[in-house]
Amino acid sequence: MSVSDNIDDLMARCVLHDQRAFQELYRRTSGRLLAVAMRIVRRRDWAEDVLQESFVNIWNHVPEYRRVKSAPMTWMTAIVRNRALDWVRRPKHETSSDDLDEMIANWADGAAGPHERLQMAGDRVQLDECLGQLSGQQRQSIALAYYHGLSHSELASHMDQPLGTIKTWIRRGLEKLRGCLESAGA
Amino acid sequence: MRLNNRHAKSMLAAEYVLGTLHGKARDRLELWLRTDPALRLEVNAWQEHLMPLATSLPEHVPHERVWRSIEARINPAAPASSGWLASLAFWRWSSALSAAAAAVLFGFIALSPKDQTFMPANGMVVVMADDKADPHVTVAWSPDSRAKPKLRVRVMGHAEMAPGTAWELWMLPGGDEPPKSCGLITTHDTQYIEIPVDMLRRLTNAAGMAMSVEPAGGSPTGAPTGPVLYSGKAVSI
């Protein structure tokens, strides 16, 4: 895990206002974080705006990071996802549902699905195993919500199911996931 | 809703992290997060649990301009370059302003005999200028006032206010903190605004002040909504 060790070091230097360390942190992590933002806001220029806001936010709040009990990448991903979710919920940034269906289909084309992609990340088998125990519908609704930032009602329209069904899939899926991860000691 | 059950907390945290919690529900949860360490731990745990989903995505390299914009905003050469303050001209014009400010201080503060009792030796002043560094409004106060502190506001020249609008004065605390309203002003040459004692204390430590154009009656949101015409740094004289 030398990469994440280095990211820990970079974060520690950022706390001391080391801008070179921050630039290096950006260089190492911005590609992944932009991918997270792009899935949610669905436009590259918007995703880059979200990324910019997020990194300014990260720099401003890095002294508080020591109080957070999570890995740097988890903390930064949460900041980017929150910004992206705020962004898509402003009315002027909503994409029409047809566009959304098309984009989700485009991402599915030629690329591995979430399940397959997970298998590629060899050191994170636990979540993969636990997601594998969910029903296909539960897994799909959870993955769509996480990757694309879809609300319950957007999921209902995308998956062509009643709202109540979607809510149940998500809730039962998360409950099962939690049980599985806890018994695995994650 | 009561949130004392660990299972309910965990599920709510999960939906929050997943992103399916919207609108008021999301706002309420974020409020709870500030005061409930157990809920924070649940949120952290779910962020860690679901993290492999994020790291499994293929990377997209951002355009070079993204880093340049970030760098411009975090550079300590522009001390208040974050958030709302970044949009204000007074950081960019601060050096040009100091010469103009000196002239204004002489003209409007030192040489106003009627007001000499108002300004003690260690007064504070903000000279608010437009984006060309031309001064338009000064605000002065005594940081030592104990009871009923007042701001003295002077409007230069023959200012005109568009019908149906108001001029609102804002304290800019600095950093990430949002502007705080000090009240509305008129186009009168000299006017006084009463402010609470704690505001006086904050104002004396603030980065500066600004004036925005708002609908009649003032900003409906508690934050500046219209264009910021003038802004300036707080200096002691």
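Treat the numbers as computed from the prediction; the structure is a model and nothing was measured. Numbered from 1 within each chain, the chains take letters A, B, ... in sequence-line order.
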Just give me the residue among A/L155, A/N82, A/L51 that pairs up with chain B most often, heavy atom to heavy atom, under 4.5 Å.
->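 Option with the greatest count: A/N82.
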
Pairs of heavy atoms under 4.5 Å with chain B: top-ranked of A/M73, A/H17, A/K167, A/R27 =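 Maximum pair count with chain B is reached by A/M73.
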
Separation of [Y] [atom2] from [X] [atom1] (nearest 0.5 Å):
| X | Y | atom1 | atom2 | result |
| --- | --- | --- | --- | --- |
| A/I142 | B/L53 | CD1 | CG | 9.0 Å |
| A/L33 | B/E59 | CG | CD | 9.0 Å |
| B/E15 | A/I170 | CD | CD1 | 6.0 Å |
| A/R178 | B/H49 | CZ | NE2 | 8.0 Å |
| B/I74 | A/Q23 | CD1 | CD | 8.5 Å |
| A/Y146 | B/M51 | OH | CE | 6.0 Å |

Heavy atoms, side chains only, cut-off 4.5 Å: are [X] and [Y] in contact?
| X | Y | value |
| --- | --- | --- |
| A/R81 | B/Q47 | no |
| B/I70 | A/W59 | no |
| A/L177 | B/L50 | yes |

Please walk me through it: do B/V66 and A/F55 pass side-chain contact (heavy atoms from CB on, under 4.5 Å)?
-> CA-CA 10 Å; B/V66 179; A/F55 267 91; over 6 Å; no

In terms of heavy-atom proximity below 4.5 Å to chain B, should [X] be classed as side chain, backbone, both, or neither?
| X | answer |
| --- | --- |
| A/T77 | side chain |
| A/Y26 | side chain |
| A/R32 | both |
| A/L85 | side chain |

Search all heavy atoms of A/S70 against all heavy atoms of B/E48 and return the closest pair with its distance.
->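 That closest heavy-atom pairing would be CB-OE2, 3.2 Å.
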
Got more than 12 heavy atoms from elsewhere within 6.0 Å of CZ, A/R172?
->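 Not more than 12 within 6.0 Å, no.
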
Does NZ in A/K176 sit with more than 12 non-hydrogen atoms of other residues, nucleotides or ligands closer than 6.0 Å?
->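 More than 12 within 6.0 Å, yes.
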
Residue among A/Q52, A/M38, A/E48 satisfying side-chain contact (heavy atoms from CB on, under 4.5 Å) with B/P62 |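 Checked A/Q52, A/M38, A/E48 against B/P62; only one passes side-chain contact (heavy atoms from CB on, under 4.5 Å): A/E48.
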
Choice from B/E71, B/R65, B/H7 maximising heavy atom contacts with chain A below 4.5 Å =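 Going by pairs under 4.5 Å, I would pick B/H7.
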
